[in-house]
Amino acid sequence: MRVLLLGGTTEASRLAHALKSAGIETVFSYAGRTSTPIAQPVPVRVGGFGGVTGLRAYLADEAITHVVDATHPFAAQMSNNAYTACTDSGVPLIRFERPAWRPQSGDNWRGVRTTEAACDALPDAPARVFLAIGKMHIGQFAAKPQHHYLLRLVDAPEGPLPLPNVSVVVARGPFEKADDMALMKTHRITHVVAKNAGGSGAVAKVDAARALGLGMIMIARPDRPDSAVAPDTETVLCWLHHTADRGV
Ligand code: NAP
């Protein structure tokens, strides 16, 4: 068995350790979105495969027998490519999927479908916004330049940011609720914009916003392909052994 583990999440790193402990040969793949990726206990490759065609070629060249998709819930392109390439190549695929966060009674929570809609949902009057969505799509919030934006990024920005009124904190999760409450108080945050990533590594900001009674604007996950899904590490390991025993 030789597994390609598509990573980028806290759970992907946990899976890498579990696969290593189980003695399963694994290659861990990073998109290359950060200059300081977390070290892994298995061999790592970095960067895109070159679409479906490139991934199909990679699966064949590297004699990959199974693919575990543990990418971020918003990395839909990678998941779609993995689904198509694995289907074409007859390589079994499972996606690790953590449950989405849900609003609780009393939450000031507004669900939206897109980043643009999240920007539209912000008030017109100047507010102080924790824009907890990574760096890829922050430029869309330039449409509301009246707000002060707090960004939390894994790497320090290399050039000017596309927002006029912005503070940056460089930090890597997982985060704690008490720390996120302190961060939001220090920056006098009134609204939190987040992607509904689910899981435990980034939920602190949701818990903190809830505790402080802040407005939450939650961007829903994109649709993902209809592949087999595992909610935890044990299910992934069982699935690997089961499909290997069946000779698929
Ligand atoms: P994406 O839109 O699904 O992927 C775009 C391309 O990046 C893929 O087609 C693939 O390139 C490459 N790629 C993505 N994940 C890869 C992996 N694990 N190994 C090798 N190549 C990979 O994903 P994205 O552009 O990274 O991010 C989309 C959303 O996910 C953003 O909202 C971002 O904030 C969020 N997100 C992503 C990560 C992450 O680690 N990727 C982490 C946190 C948040 P080829 O087509 O060339 O193969």
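Because the structure is predicted, anything quoted here is derived from the model rather than measured. As the structure lists them, so they are numbered: ligands from 1, and atoms in each ligand from 1.
Residue-ligand proximity: A197 is placed with every non-hydrogen atom at 4.0 Å or more from ligand 1. For G7, the heavy-atom gap to ligand 1 drops under 4.0 angstrom. Proximity of A31 to ligand 1 is established by a heavy-atom distance of less than 4.0 Å.
The protein atom (non-hydrogen) at minimum distance from atom 40 (O) of ligand 1 is G8 CA, 3.5 Å. Looking from atom 48 (O) of ligand 1 to the surrounding protein, the closest heavy atom is F49 N, 2.7 Å. In this structure, atom 11 (O) of ligand 1 lies nearest to the protein heavy atom G48 CA, 3.5 Å. Nearest protein neighbour of atom 8 (C) of ligand 1, counting heavy atoms only, is M78 SD, 4.1 Å. The protein atom (non-hydrogen) at minimum distance from atom 19 (N) of ligand 1 is S29 OG, 2.7 Å. Looking only at heavy atoms of the protein, atom 47 (O) of ligand 1 is closest to G50 N, 2.9 Å. The protein heavy atom nearest to atom 7 (O) of ligand 1 is R33 NH2, 2.8 Å. The nearest protein atom to atom 28 (C) of ligand 1, hydrogens excluded, is given as F74 O, 3.5 Å; this is a heavy-atom distance.
In R221, neither the side chain nor the backbone holds a heavy atom less than 4.0 Å from any atom of ligand 1. With a 4.0 Å cut-off on non-hydrogen atoms, Q77 touches ligand 1 through its backbone as well as its side chain. With a 4.0 Å heavy-atom cut-off, ligand 1 is reached by no atom of S79. At a 4.0 Å heavy-atom cut-off, ligand 1 touches H72 through the side chain alone. Neither the backbone nor the side chain of L55 has a heavy atom within less than 4.0 Å of ligand 1.
Close approach of ligand 1 to G47 (heavy-atom distance below 4.0 Å) involves ligand atoms 20 (C), 21 (N).
No side-chain heavy atom of Y83 sits less than 4.5 Å from a side-chain heavy atom of R95.
The shortest N or O to N or O distance between M136 and ligand 1 is not under 3.5 Å.
A search for ring pair (Phe, Tyr, Trp, His ring centres under 6.0 Å) contacts involving F175 returns nothing, not counting sequence neighbours.
With 3.5 Å as the limit, one finds a donor-acceptor pair spanning the side chains of R224 and T71. Side-chain contact check for R98 and T9: no donor-acceptor pair (N or O, by modelled atom type) lies under 3.5 Å. In summary, the side chains of R45 and S29 do present a donor paired with an acceptor at a separation below 3.5 Å, with no hydrogens or angles considered. No hydrogens or angles considered: nothing links the side chains of R14 and T233 as a donor-acceptor pair under 3.5 Å.
Ion pair R210/D107 flagged as a salt bridge, since at least one NZ, NE, NH1 or NH2 atom sits closer than 4.0 Å to an Asp/Glu carboxylate oxygen.
Ring planes of Y149 and H147: perpendicular class, angle over 60° (limits at 30 and 60°).
For R110, the CZ atom counts as loosely surrounded, since its 6.0 Å shell holds 12 or fewer non-hydrogen atoms of other residues, nucleotides or ligands. Atom NZ of K20 is surrounded by 12 or fewer heavy atoms from other residues, nucleotides or ligands within 6.0 Å.
Evaluated by nearest non-hydrogen atom to atom 33 (C) of ligand 1, the leading choice among K195, R45, H137, K135 is K195.
Between V168 and P157, the closest heavy-atom pair is CG1-CD, 4.0 Å.
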